[in-house]
Amino acid sequence: MKLHGLRMAICLVVALLAFPRPGSAGLIEVIIGMSGPQMVGILFQCRVAVDGTFERCNEPPGMKIAGPGGQSKFRLTLEGGPYFSTGKNAEGQDYQFFKIGMLAFDPMLEIESWRSPRENRFSVYHGVLGVSYNLLFGSGFDSFTNVALKVRPIGVMFPVGKSWRVEAEYNLRLYPNAFSADEFGKVPVIPASTTGEAVHSFSFSVRKIG
């Protein structure tokens, strides 16, 4: 019953985030190359410069969080939220759509390597050190956790027209303990890995400026 309640709560959060208010679209991340289900997440993300200046948030609908933006090139990024399986098969396993969920919390230290001198213009940034704490749950298996070292080799922010800003990021999670099919209640088709694994993902967001 507790697991069913948790799944219902996640479904509600995903439904709310999937229909953002006009002028904002939250951060969306697609996790690929995982030895398990492909996952899609709709996330909350905030950035705070290391000098203590609040920068910005990709906020859920109904919330307005804004900041003046900082001048520091170093910042702490806090992001996380619900993910769900897309239904794409992996390693001979049938992972059904929305049958597997995940909650993640990913703090990361970022550095901005280049910024246009014009306000709200192009910038390039990198996540140099972070972690990803994951709680996975669903039908047919017991909930479990996994932790990864997370880096962001590159992220870009660029304007679209005069009123919109787009962010696109490539992320890499390094798990010391690889995922295995039996953790998801499946009979392994291939032997489970006894080592770690590297998992790739791409994320993006769209925001109206001002």
Audit row: V199, I31, side chain to side chain contact (heavy atoms under 4.5 Å, CB included) steps and yes/no: CA-CA 7 Å; V199 175; I31 299 177; 3.3 Å; yes

So, is the end of the [X] side chain (NZ or CZ) under 6.0 Å from the ring centre of [Y] and within 45° of the ring's axis?
X: K186; Y: Y95; result: yes
X: R115; Y: Y125; result: no
X: R165; Y: F122; result: no

Closest approach of [X] and [Y], non-hydrogen atoms and distance?
X: L76; Y: L109; value: CD1-N, 4.5 Å
X: L172; Y: P153; value: N-CD, 4.3 Å
X: P37; Y: I100; value: CG-CD1, 3.8 Å
X: P176; Y: V147; value: CD-O, 3.4 Å
X: G130; Y: L149; value: O-CD1, 3.2 Å
X: A148; Y: R173; value: CB-CB, 3.9 Å

Ring center gap for Y133 and F105 short of 6.0 angstrom: no

Does [Y] offer a backbone N or O that forms a donor-acceptor pair with the side chain of [X] under 3.5 Å?
X: E197; Y: S35; value: yes
X: S85; Y: Q96; value: yes
X: N177; Y: T195; value: no

Got a second to check how far [X]'s [atom1] is from [Y]'s [atom2], nearest 0.5 Å?
X: S203; Y: L43; atom1: OG; atom2: CG; result: 7.5 Å
X: Y83; Y: L103; atom1: OH; atom2: CG; result: 10.0 Å
X: S143; Y: L135; atom1: OG; atom2: CG; result: 5.5 Å
X: Q38; Y: I32; atom1: CD; atom2: CD1; result: 7.0 Å
X: S201; Y: M39; atom1: OG; atom2: CE; result: 12.0 Å

Would you say [X] and [Y] make side-chain contact, with heavy atoms under 4.5 Å?
X: F204; Y: L27; result: no
X: F179; Y: M34; result: yes
X: M157; Y: V166; result: no

Basic-acidic side-chain contact under 4.0 Å: E167, R152: no

N-O pairing of E112 and K73 below 4.0 Å: no

Derivation and outcome, side chain to side chain contact (heavy atoms under 4.5 Å, CB included), residues V156 and E169: CA-CA 6 Å; V156 294; E169 303 164 344; over 6 Å; no

Verdict with reasoning, Y175 to N134, per side chain to side chain donor-acceptor pair (under 3.5 Å): CA-CA 11 Å; Y175 290 92; N134 310 147; 2.5 Å; yes

Side chain to side chain contact (heavy atoms under 4.5 Å, CB included) assessment of K150 paired with E79: CA-CA 12 Å; K150 183 179 178 181; E79 64 187 44; 2.9 Å; yes

Whether Y170 and F202 hold their rings parallel, tilted or perpendicular, with breakpoints at 30° and 60°: tilted

Cluster question for you: counting only ILVMFWY and a side-chain heavy-atom cut-off of under 4.5 Å, with indirect links fine, are [X] and [Y] together?
X: M108; Y: I28; result: no
X: L78; Y: I111; result: no
X: V151; Y: L174; result: yes

Full working for side chain to side chain contact (heavy atoms under 4.5 Å, CB included) between I154 and H126: CA-CA 5 Å; I154 189 168; H126 316 273; 4.3 Å; yes

From CA spacing to verdict: ring pair (Phe, Tyr, Trp, His ring centres under 6.0 Å), F144, F137: CA-CA 7 Å; F144 67 95; F137 57 91; over 10 Å; no

